[in-house]
Peer 1: 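Could you have a look at this structure, given as structure tokens, before my questions?
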Number of protein chains: 2
Amino acid sequence: MTQLAKTRHGQVYLSLRADILAGRLHPGEKLPFATLSERYGFSVGVIREALSRLVEQSLVENLPQQGFRVASVSRETLIHLTQARCEIESLTLRHSIAEGDVNWKSAVVAALFKLNNTQQMDSEDPSLLSEDWVEAHSAFHAVILAGCANPRLTDICGQLRDSAELYRRWSARIGEQAKRDIPAEHTAIANAVTAGDADLATRLLSEHISLTSDLLLESGFIGSTDERENAQATA
Amino acid sequence: MTQLAKTRHGQVYLSLRADILAGRLHPGEKLPFATLSERYGFSVGVIREALSRLVEQSLVENLPQQGFRVASVSRETLIHLTQARCEIESLTLRHSIAEGDVNWKSAVVAALFKLNNTQQMDSEDPSLLSEDWVEAHSAFHAVILAGCANPRLTDICGQLRDSAELYRRWSARIGEQAKRDIPAEHTAIANAVTAGDADLATRLLSEHISLTSDLLLESGFIGSTDERENAQATA
DNA sequence: TGTACAAGAATTTTCGAAATTTTGCGAGAA
DNA sequence: TTCTCGCAAAATTTCGAAAATTCTTGTACA
């Protein structure tokens, strides 16, 4: 699922996925074929296939005969997603620590360094996370699990993190980052990981995941019912 | 993902998925559009969308410009799949036992009864599992996890079990069932579940899952490299 | 004998319009 | 005013063929 963009639908899949994860398309927003085929410049058939695949990834919802929309968010979904992430990522992290070699630990250190040396907020709009930081953050969380020899587990964790990305985008807007020292959290996790302390590492990772979720829930920014606003995407 | 077969591609998706899980389409078998559009009677666009969704479910593989084929099987994949199932299903089962109510326990008892009172082998070809038994077996494993209040976890377990179905089909052919008392295994699991003994239930479930896998691996029926035979499906 | 190249065949990918379904709006009746 | 019915508009779904790519086969050459 990496550079398999040799086909048009593959390109649209990646573009659409990126636009959703980056928040350029909002949760609950309708995705009409006319708009998308103009936006990406391909026929509806190509768009349809990309959307179908994203449905299977839980990033897009589809009601028969009523079209597609970006997956909507809700308090309940976030709670379930957070719980699943804490438990399955912890499980996978234990494997990673037990099975990872020196090259893997080295990659963890490198990813941490890059993350902590990347500007967190966008230089143009300081209320938004910078693209570089989001990418480095995503890479860090992927790397600490990459020691796990079971690709099935790491794949599941990747999918769960993608779903969580729909929510994390919003946490920056509500000033959540002011209440915590995110670099310190990542550093502590990386230290526990490289030290081989699985108990500590899984506890820290779970707290890290839960904290973002809790702050977002406390903020009341997410309604209890599904969000269905049809905000227009900005170019 | 239930009765959403209001569309043609939805019907093909369900048919194709059923044919793969039932072993009517073999692992590694190529899935050319010409053949499929004739088999199911729809245009290639519809077939393509159904195949795309199955790719995202890991039941079908796709190489750009080279078409689709049923997911191939290998010893390594089975080992990883089994490990993931044992750990994630155990985790979910603990939730199920902790969160399930009386109605859920009642459903577990009902599913066990139905499973143990359904003929295991096909009456026409005793070397094959009967369709009814496979369905009851699938339902039983789904129900014991259904007490879990987190749909994200149960969904993941469902996907993993679907992948495992690709392998389980074969275990009946190698006489695996002679070496074990499958009804007793299921009964023991159900008893532990209804008794609320999470430690025992998860241990029994993991053993149950691992046993099928181990017997299949010991049989040598699955080659170490990916199977790529192009066996023709039988009507 | 083996390798490289090229034309033809087979298959996948893509498109744009037709068919089907849903949605929106307004007239008419209660 | 409110509700229902029905037609028109908009959107989704489907089709079948054209375009693009890969695979196969056969031939020439070393």
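Convention: sequence-line order gives letters A, B, ...; per-chain numbering from 1. These numbers were taken from a predicted model, which means no experiment stands behind them.
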Peer 1: Please identify each residue that fulfils side chain to side chain donor-acceptor pair (under 3.5 Å) with B:Ser213, with sequence neighbours left out.
Peer 2: B:Thr82

Peer 1: Would you say the side-chain atoms of A:Arg69 pair up with the backbone N or O of A:Glu61, donor to acceptor, closer than 3.5 Å?
Peer 2: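 A pair under 3.5 Å: no.
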
Peer 1: What residues in residues 40-48 of chain A put a non-hydrogen atom under 4.0 Å from any atom of DNA chain D?
Peer 2: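 Listed by number, they are A:Arg48.
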
Peer 1: What pairs with B:Phe140 under ring-ring contact (aromatic ring centres under 6.0 Å, His included), at least two apart in sequence or on another chain?
Peer 2: B:His186

Peer 1: With salt bridge (Lys or Arg N to Asp or Glu O under 4.0 Å) as the rule and sequence neighbours excluded, what pairs involving residues 129-150 of chain B come up?
Peer 2: B:Glu131-B:Arg169

Peer 1: Report the residues that fulfil salt bridge (charged side-chain N to carboxylate O under 4.0 Å, His left out) with A:Asp19, sequence neighbours left out, ordered by chain and then residue number.
Peer 2: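 Applying salt bridge (charged side-chain N to carboxylate O under 4.0 Å, His left out) to A:Asp19 gives A:Arg24, A:Arg39.
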
Peer 1: Can you name the side chain to side chain donor-acceptor pair (under 3.5 Å) partners of B:Arg161, sequence neighbours left out?
Peer 2: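 Scan of B:Arg161 (side chain to side chain donor-acceptor pair (under 3.5 Å), adjacent residues dropped) gives none.
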
Peer 1: What range of DNA chain C does chain A touch, first nucleotide to last, counting atoms under 4.0 Å from its heavy atoms?
Peer 2: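 Both ends considered, the range comes out as C:dT14 to C:dT23.
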
Peer 1: Return the set of residues passing side chain to side chain donor-acceptor pair (under 3.5 Å) with A:Ser37 (not counting sequence neighbours), or none when no residue passes.
Peer 2: none

Peer 1: Only pairs at least two apart or in different chains count here, so list each ring-ring contact (aromatic ring centres under 6.0 Å, His included) that has a residue in residues 54-74 of chain A.
Peer 2: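 Passing the test, one end in residues 54-74 of chain A: A:Phe33-A:Phe68.
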
Peer 1: Under 3.5 Å, which protein N or O atoms sit close to an N or O of nucleotides 19-23 of chain D? Give each pair with its distance.
Peer 2:
residue, atom, partner, partner atom, Å
D:dC23, OP1, B:Gln66, NE2, 3.4

Peer 1: Excluding sequence neighbours, so at least two apart, what forms side chain to side chain donor-acceptor pair (under 3.5 Å) with B:Ser90?
Peer 2: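 Applying side chain to side chain donor-acceptor pair (under 3.5 Å) to B:Ser90 gives B:Ser206.
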
Peer 1: How would you list, by chain and number, every residue that makes a salt bridge (charged side-chain N to carboxylate O under 4.0 Å, His left out) with B:Glu49, sequence neighbours excluded?
Peer 2: A:Arg48, B:Arg53

